[in-house]
Amino acid sequence: MKSEWPDRFVNMLLQEKLGGDRPGGCKEKILLRARAAQMRRRIVRIASGLAVAAAVALGVFVWRFAPEKISGGRPDSEKVAAAYPPARIKGQCSVEGELDRGARIVADKGEATLSLGGYAEVDFAPESVCLIEGAKNNEQVYLERGGVHCRVIPAAAGMNRSFSVRTECGTAQALGTEFSVLLDETEDANMKKMLVKVVAGVVLVTGIYGESKSLLAGEQDAVKKTVAVTEAKKEPEKSREQLVREAYQLQIRMLRLRLEDIEEDIMENEELVKKSDNASTVYIAYREALEADPEYIELNKQIEEINNDRQKQMDAMRKATPEERKELMAAMHGEGMREAGKKQAELNNALRKLPLEKPELKKLKDAAEEAVLAVNALYEKLLDADKQYRQLEKDMESLQEESILGGRAFGKRGNRMNNMPPIQFGNGGNHRKMIFMDGNGAQGGVVIQEGKDGAEAKVDVQTF
Amino acid sequence: MNEETLTALVDTHESGIYRYLVYLGAGHAAAEDVLQDTFLAAYQNRSPENDPAKVGAWLRGIARNIFRKHCRKRKMSPILFDDAALAAAESYWRETAETGFDQIMLALDSCLKKLPDKQRELIIMRYDKSISRRSMAELTGMTPDGIKSALRRIREGLADCIRREREAEK
């Protein structure tokens, strides 16, 4: 083999000597590509850092304001068990047996309300009869006779609980809602029907044959004992292609879940949490300082005035006759409208530039960006350290490539911004917004303006 | 690595890496592509050394890997992708081309002049006029395989000649 190298070497020399000049501009191409790569890296770094900050801030928000706040951050089964409220009843009714599961409640002619699990309240129609069924966090009543009106507090994020009313015709299961169930009795026991009326939210109604349908707020339906809710649909036979696709989807979904688990573990890293907290604090400090600035307040006031004028014009349009509407439309699209639009753009621009013109605000803004970058650097380091994560990611990519839809149908992880958990992300042409969250919801964020032809990306912390 | 360092790196090593890629068997277009990718990869990493010779070896390592991937991606079958062959290629490159490339080119000039007319004609047809072996065979009345062997023999002769010229210089 070694004897081949002199030959190759001379071949190379001859090509250089006699083969004509190399095309020029290679250096320029390299430098252009390097600049573009640097810009991409910077965007990804900032974006993923912001994502962490946003996710942490959201986590803090959920932890602070969730109705079932559990100390220590993780569910403590003993505390939860101790805290689970017992069934309570008030009003005119009689209870057969102890007020617990299996108890039979017979309402009198007046009002009666049963409270279950601290999250479901059942008002009885006069002379209704109910049995308490279900289990912890899956409360259920069996309506023997009459009707009930139920109010269910929606479960907090991460909690899994349900409430349902069962009758001999079927079951109505609340998915965080308010609804009524009335058992309509006839002489013929088989013609009994359950009337379900939804006031708010969604209710899943299931007939005794297992057929189900969802009812939305304002909808009602009757479920007869002998008739299914909806005709059972026969599943069409799946083609081989569909089966293969589903198998791929399943595998990809499982890998994605595992990746998310790893990401969650990383998100719990003490140092990362500390850095993320710091990023949130620094960002909020910047936002508070900005919002307290008199110039900022004044600019916002002017923007609001323009918006109010626009709203008034829209209201007038709604009330106007077709003739009047034409005139209003003409006025709206005239010079005045253009002026207002221009003015608003100027104000928005001034608002954006404000932090850069004031040294104190600029300092805080820079600190916010720096803190976010610090979070991101650590996050990337942790991800890099996790070999399993990288391997899983490779597996997922190859599965996506193998899949018959070329990966597109299952969604690549590109939108996760370089392996980051999902974030609030707005698209607007060549700029993107990352939203920061605090206790009051979305309050501000960062706009990343991508440069053209390899130019530097502009990164701007803003309050929305 | 910043842009300034990258510019300096490209200025110093661009030609060398390009030649090295051609030496490994890359065509001009592939060599251009791989060359760009090599410097980009270098830009995203930090050079482990300051010594230009060591930096050159580091860049050749990157270029080798990228060229290997390039060939695999395009299902090309380059000669060399076992480690022993690559080590031999690298060692020959270091011995022959690492220093004094200009002298090597002068030696080549001199050796080309010494070639018999028929051999020089074949070299000019192949490298200067880029005529295919098949067409060369038609023009010279030889077989394409004969042309291949003849070119190989001429190159071997040139390699010996260059070596002798360089030894004589020393």
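Proteins get letters first, then strands, A, B, ... in listed order; numbering begins at 1 in each. Atoms considered below: every heavy atom in the structure, side chains included; atoms not considered: hydrogens, waters and symmetry mates.
For B:Asp11, the part sitting under 4.5 Å from any heavy atom of chain A is the side chain, from C-beta outward, and nothing else. Looking at B:Leu21, neither its backbone nor its side chain comes within 4.5 Å of chain A, counting heavy atoms on both sides.
To the nearest 0.5 Å, atoms CZ (B:Arg155) and CE (A:Met12) are separated by 12.5 Å. Atom OG1 in B:Thr38 sits 8.5 Å away from atom CD1 in A:Ile30 (nearest 0.5 Å). In this structure, A:Phe9 CZ and B:Ile104 CD1 are separated by 4.0 Å, a value rounded to the nearest 0.5 Å. For the atom pair B:Arg152 CZ and A:Asp7 CG, the distance stands at 4.5 Å (nearest 0.5 Å). Within the model, atoms OG1 of B:Thr7 and CG of A:Leu31 stand 4.5 Å from one another, a figure rounded to the nearest 0.5 Å.
Judged purely by distance below 3.5 Å, without hydrogens or angles, the side chains of A:Asn11 and B:Tyr23 never pair a donor atom with an acceptor atom.
At most 12 heavy atoms of other shown residues, nucleotides or ligands fall within 6.0 angstrom of atom CD in B:Glu4. Within a 6.0 Å radius of CZ in B:Arg134, no more than 12 heavy atoms belonging to other residues, nucleotides or ligands are found.
Listed by first then second residue, pairs satisfying salt bridge (Lys or Arg N to Asp or Glu O under 4.0 Å) with a partner in residues 19-28 of chain B read A:Glu16-B:Arg19, not counting sequence neighbours. Residue pairs meeting the salt bridge (Lys or Arg N to Asp or Glu O under 4.0 Å) criterion with at least one member in residues 103-112 of chain B, sequence neighbours excluded, are A:Lys17-B:Asp109.
Across B:Leu158, B:Ile124, B:Ile154, B:Leu151, a single residue satisfies side-chain contact (heavy atoms from CB on, under 4.5 Å) together with A:Leu14, and that is B:Leu158.
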